[in-house]
Amino acid sequence: MGRRPRAETPDVQVVEIADVARSLSRTHLRIRVAHGVAWVEDAGSANGTRLVTPDGERVRLVPGEPARLVPGAVLELGQVRIDVALD
């Protein structure tokens with residue numbers, strides 16, 4: 001996921017986010033699902049990624065270290081906010 005993301009392998013789905021402010025990196029973050037659990041990982045982005053928990057705690061993600069996504073969380077990528085909803 002990012003401004004102009006690149007798939008690392010053929011089975012990866014890329015999500016391009018319009019970002020006229022250019023606050024996102026080309027490949028900003030990765031989201032993976034394993035055994036029914038969603039994980040997010042900053043891909044070494046220039047402006048970083050913050051995970052805001054449902055109780056309001058803001059955690060800056062360490063590049064390459066996965067963090068668990070939970071319903072009600074918010075991802076902050078540069079000037080872009082993404083609300084997390086899981087089914």
Side-chain angles (χ1 to χ4, degrees):
M1 182 177 290
R3 184 171 36 89
R4 295 186 65 103
R6 185 174 60 90
E8 297 168 352
T9 60
D11 61 332
V12 172
Q13 179 180 353
V14 297
V15 177
E16 188 169 326
I17 300 172
D19 180 34
V20 294
R22 296 180 59 95
S23 64
L24 299 179
S25 294
R26 288 179 189 238
T27 301
H28 198 100
L29 68 92
R30 297 177 189 93
I31 296 177
R32 293 189 171 95
V33 177
H35 307 290
V37 177
W39 299 90
V40 64
E41 172 183 322
D42 184 272
S45 65
N47 292 326
T49 303
R50 283 157 304 284
L51 175 65
V52 183
T53 64
D55 63 359
E57 180 183 4
R58 294 178 83 228
V59 178
R60 185 174 179 99
L61 299 184
V62 176
E65 291 186 18
R68 187 174 182 164
L69 283 176
V70 296
V74 175
L75 291 170
E76 297 178 338
L77 300 71
Q79 295 181 7
V80 175
R81 289 178 51 96
I82 299 171
D83 295 317
V84 177
L86 304 172
D87 289 330

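Numbers here simply count residues along the sequence, with the first being 1.
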Any side-chain heavy atom of [X] within less than 4.5 Å of one from [Y]?
X     : Y     : value
Asp42 : His28 : yes
Leu69 : Leu51 : yes
Arg32 : Glu41 : yes

Between [X] and [Y], which heavy-atom pair has the shortest distance, and what is it?
X     : Y     : value
Trp39 : Pro66 : CE3-CB, 4.0 Å
Pro54 : Ala73 : CG-N, 4.0 Å
Gly2  : Pro5  : O-CD, 3.4 Å

Interatomic distance, [X] atom [atom1] to [Y] atom [atom2] [nearest 0.5 angstrom]:
X     : Y     : atom1 : atom2 : answer
Arg30 : Thr49 : CZ    : OG1   : 10.5 Å
Leu77 : Leu29 : CG    : CG    : 4.5 Å
Arg60 : Glu76 : CZ    : CD    : 10.5 Å
Arg26 : Arg3  : CZ    : CZ    : 5.5 Å

Do [X] and [Y] share a hydrophobic cluster (ILVMFWY, side-chain heavy atoms under 4.5 Å, transitive)?
X     : Y     : answer
Leu86 : Ile82 : yes
Leu61 : Ile17 : yes
Val15 : Leu75 : yes
Val84 : Met1  : yes
Val80 : Val74 : no

Would you check if the side chain of Asn47 reaches a backbone N or O of Ser23 as a donor-acceptor pair within less than 3.5 Å?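 Checked: pair present.
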